[in-house]
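Accompanying notes for the structure given below.
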Amino acid sequence: MKKILIAEDDKFLSSAYKLKLGKSGFEVQVGGNGDEVMTMLKTFLPDLILLDLVMPIKDGFVTLEEIRAIESYKKIPILVASNLGQKEDIDKAMKLGANDFVVKSDMSLDQLIKKINLMIG
Amino acid sequence: MTNQAYNLINISSATKAEHLKSYLDGEKEMISMLGADTTFRNLLSVSSASATFKIKKQITDDRLNRTISSDNNINELFLIDKNAKVVASTNQSHNGFDKSTDLFFTEGKHGIYIKDIYFSDITNNLAWGLAAPITDDITKELLGVIVARINVDPFFQILEINSKLGNTWESFLINHDKYFLTPSLFLGNDVILKQKVDTENSRNCFSENSNIQATKIYKDYRNILILGTHTYVPETGWCLITKVDWVEIFSPVITVILLFIVLFILGISIYYFVGKYLTKKITKPIEDLSNGAKIITQGNFDYSVATDLQDEIGQLSRDFDKMTKSIRNSYKDVDRKVIKQTQEISKKNNDLENQQRAILNVLEDVGQSKTDLEKFKSAVEGVSEHIVITDNEGMILYANKAVSKITGFSNAEIMGKKVGNKNLWGGLMPKVFYETLWKTIKTDKKMFSGEVNNMRKNGEKYVAVASISPILDQNGKVVFFVGIERDVTHEKEVDRMKTDFISLASHQLRTPLSAMRWFCEMLLEGDAGKMTNEQLEMVKNIDGANMRMIILVNSLLNISRIESGKIVIDPEFVDLKKVLETELSGLDIQIKAKKQTVKLLIETDLPKIYVDPKLIGEVCKNLLTNAIKYSPVSGKIEVNIFKKEKEVILKLSDNGIGIPKISQTKIFERFYRAENALKAETEGTGLGLYLVKTVIESSGGKVWFESVEGKGSIFYFSLPLDETKKKK
């Protein structure tokens, strides 16, 4: 079973993730901010990280930077799923080591799952 | 006409020469025939003492007289014997004359001889003559000479032949010594053998140079300009000159010229006499106008030239006055402006002088003009801008209160220190910045302005807009620098926040919209169990409304960013075909739902265009969405992409509801939706086409359409093939 670690501060969205991804056969864990995700990574090494950008305490950009700074996390595919969608945001995330970028509101969950499967399938 | 004149004179001359020649030939024939006459030979072969002499002489005399009477032109015929004595003559008194020295005899012995025209003492008239030898027809021994003295009239007649050509046509002969042989038309017969014709063509006639052009214009013996020609007469060694006065031959031209002269003189007279009368009627008012104009140009715009004449001149004068009036008004206006400007300049000058004085007062602490000093101080001290005055080396001589407030350094810490120093607020910019600054203000003596990063005493960085100007003395030497800086840190922050707000707001709106979208999706897919049809319909409605909201937010975001110039149009070389296909695949569900067909006609080898792929994707999506939305079930949509000159054009046709005429001018306006579109489809933001237009135009392209309500629409956009605008 493929493991997905999700960083998402919005409780409605994290709930939707859990429901849909769980039903689609993924083992899912969700952290509410960058710090939580960094802690969870120590015990839960995922096949993919689904990372939000705008989060309290530690935002997605910093988290991304920290993950890629750790040798053992370097190869984990990271899909940024944010509602920031400007070119600057995308470029910045990609530069910091993200593998792909989606705007949440422009995606259905089905499309998102297809994307995840493409990345780790 | 000139050619005609030349031809005429040449023909005339040639005719005369020919005539002359045939006449001379005839006379020569005559004398040689006489020379061969046996009658004369018989006489000359006998001695005067012989018995037969008398009879023979009688026969000879008879013969001579008959000959002479048959030819009126022969004055005298006589025979000279071999001893040079006249033995027989038509003039009896001539008998016995000795001709041993006469050219008739000396030359005539050897052959036919023609004697030049000469003055005959005998006839007391002009004459010329021919002589021919008489020889024994067997032994060829000379027996004597026969001489014919001939009248010159035939020559005169020959030369007069052409006189009918005109009044000044004249032909004459000159001998080798250039004396007249025939009369001059102008001087009469007296010139013959008495006056020499030493003109250019008389000289040319006897010249050996055959290349000399005979016919030309030159001055004749009267020193009058003529057109003339000459022909050498070899038989006699004479020269035939034919000429006409230049004035006559060119008289048609002269006539015209004369006519002009006459008309001119006539014109002057008419002008003079009639003009005198007209002066009062026309010239006078014009002169008045002209004088008026002079007065006015000298600056007197109050001068009036109007007259009460009811004619054109009167009208002109009134128009002139109108013009003057408008000039006067505009002049006054200019005057006012000039006065105002001058006042402003002098005021500024005064201000400047006051300021300079004030500065000097501050610097030297001179107690004079205290009011100025106070004014200056309170003005400069009070402003929120940071103002610093330095000497020409940048040493701070003065700083207002704002300086301390902004930088945090006290006045005491500031005074006497150098600006742009890390001990104070400056020195944080790269070296090049300060070099440029000093070059501008010190070397070029110009104002420098720019944005500077500074640091307050507490270590806080701030951004300032600075402008620094040199103050020059009368000799143009830099005395002071005045630097004014404004802390724009806060403004910059606001600006940045504004930009951030757009993306943040969109983020905040999108997050709940995403949640709704996803939960609707799960419900619709039965993730929470099967719903009744009624429930399904309701969730579909929620989902539809939510999707509209998402599109609206996206559109608003795009537009606000484009309008504020914050959007990054990030062009790259894009394959329009791929962009279109991607967008089409995203709309596959909608197309299939309406059972529509989409036909693609895309030119092969289409060059890539330099545009922002994401924005062009949006454009394609909006146009396709419209076509799908507003076309009926089973509708036909067609997309063409082709190259035309230096553009790539996308053409999208549908057989949808079309755009009503009334809406056609407004279709690209923000939030505008056509009436029939509102009826057909409640969904829609009124931003789609606005975005299309904004994006295409900011990419250097054009968008347009053709549409008939109820039949369909064709939308086009063109994008330039060459590089569009770079990042905005």
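Chain A is the first sequence line, chain B the second, and so forth, proteins listed ahead of strands; every chain is numbered from 1. Given the structure is predicted, the values throughout are model-derived calculations rather than measurements.
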A:S15 and B:F519: side-chain contact (heavy atoms from CB on, under 4.5 Å), yes or no, with the steps?
CA-CA 10 Å; A:S15 154; B:F519 281 106; 3.5 Å; yes

Could you give me the CA-CA distance, side-chain angles and deciding distance for A:K23 and B:E525, then say whether salt bridge (Lys or Arg N to Asp or Glu O under 4.0 Å) is met?
CA-CA 12 Å; A:K23 275 204 167 183; B:E525 284 182 6; over 6 Å; no

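Interface remark: B:N546 contributes no atoms to any contact with chain A (heavy atom separation under 4.5 Å).
To the nearest 0.5 angstrom, A:S105 atom OG is 10.0 Å from B:L509 atom CG. One finds the OG1 atom of B:T511 at 4.0 Å from the CG atom of A:N83 (value rounded to the nearest 0.5 Å). Taking CG from A:L109 and SG from B:C520, the interatomic distance works out to 11.0 Å, rounded to the nearest 0.5 Å. Rounding to the nearest 0.5 Å gives a distance of 7.0 Å between CG of A:D106 and CD1 of B:I550. Distance check, rounded to the nearest 0.5 Å: CE of B:M522 to CG of A:L19 gives 5.0 Å.
Taking the centre of each ring, A:Y17 and B:W518 come in below the 6.0 Å mark.
In terms of non-hydrogen atom pairs under 4.5 Å with chain A, the most contact-rich of B:R517, B:M547, B:K614 is B:R517.
Within 6.0 Å of the OH atom in A:Y73, the count of heavy atoms belonging to other residues, nucleotides or ligands exceeds 12. Counting heavy atoms of neighbouring residues, nucleotides and ligands inside a 6.0 Å radius, atom NZ of A:K3 exceeds 12 of them. Heavy atoms of other residues, nucleotides or ligands lying less than 6.0 angstrom from CE of B:M549 number 12 at most. By the 6.0 Å contact criterion, NZ on A:K58 is enclosed, its count of non-hydrogen atoms from other residues, nucleotides or ligands being greater than 12.
When all heavy atoms of B:R510 and A:L84 are compared, the closest pair comes out as NH1-C, 4.2 Å.
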